[in-house]
Amino acid sequence: MSGIRIVKRSYLQELERFIEEAEYPSHCIHCEGIKDIDEPVHHPSYEITPACNLRCIFCYSHSALMAGKAPKPGYYGEMNPKAITISQYGEPLVAGHEKLECIISKLRRKFGARIDLQTNGTLLREEVKADMVMISLDAANRESYKRLAGVDAFEDVLRGMEIVASSNSRGIVRTVYLPGINEAEIPEIAKISFKIGMDEFMLQPCSIHPGIGENLAREGYDFGKNTLYDFLDIAYKAEARVPGCILKNVRRMMEVMDFEEVIFMRRNPVSLKPPEIRREWQFVLDC
Ligand code: SF4
């Protein structure tokens, strides 16, 4: 469990500069999360399947599936999007490369929007024609990966990253911050990603939905390590980009509060409800 922490003022000043100067992750550009909107929602998305070939211990998609709240396939959002995420739930490549490419090219023809693929990377076998490919990696070695993802596929993710790094897509690695579980590995995950040639490393906090807390507790998740400081300290050390909506809110608070008050605020990561898609279903593509 976390106790009282003594942090040097000079280090807090470094963190403050980091927040002031940090760039938004490329994926966050055009998202409502970085705009002055009261209740922002994530980008429009195209959902292919809620199914996944992994069993990550913190998976919100799994929580939605268990609660019968996983979205049906199709496009969710307004009809003039600037960026579309494929997808918020499940692993898109479970449906195969051919289907994915068909969906990407039809979405492009229909909307001309930026296409961001969100994948665990394990099933990537060839270049994907998305503008951004965001690969999830939450461990820095084979054993930890197997423990967190439930499948021995660390090497497959690295191969997927190599394919993306040599493609025309912007390559982004996304890691979920799991205090007490993977925090010591996060700087190493960033190093591995940049060494392979990925363009960006993004660190995200974990939201704990029903059915997930027990898994995390079993693996040693530190529920007491939940201040902004805990998260931003690791993000800074790993040279990670911080989610745009977090950056935007922290900067807003810094306008009216001292940084030292802001940085030691606590975030409750536990959600009592399963995740739900917050945009309207519009259509499904024939692919
Ligand atoms: S992290 Fe926040 S700002 Fe970035 S895409 Fe997601 S919801 Fe939007």
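Counting convention: from 1, in listed order, for ligands and their atoms alike.
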What protein heavy atom is closest to [atom], reported as residue, atom name and distance in Å?
| atom | result |
| --- | --- |
| atom 6 (Fe) of ligand 1 | H42 CD2, 3.2 Å |
| atom 8 (Fe) of ligand 1 | C31 SG, 2.2 Å |
| atom 1 (S) of ligand 1 | P243 CB, 3.6 Å |

Give a yes or no on whether a salt bridge exists between [X] and [Y], defined as a side-chain N under 4.0 angstrom from a carboxylate O.
| X | Y | result |
| --- | --- | --- |
| D131 | R108 | yes |
| E32 | R279 | yes |
| D116 | R170 | no |
| R267 | D230 | no |

With atom 4 (Fe) of ligand 1 as the reference point, say which of S26, P205, C28, P25 has the nearest heavy atom. C28
Both conditions, 6.0 Å and 45 degrees, for the charged tip of K110 above the ring of F283: are they met here? yes
Numbering as shown, the atoms of ligand 1 that approach C245 to under 4.0 Å (heavy-atom distance): 1 (S), 2 (Fe), 3 (S), 7 (S)
Under 4.0 Å from a heavy atom of H27: give me the atoms of ligand 1 that qualify, with their elements. 5 (S)
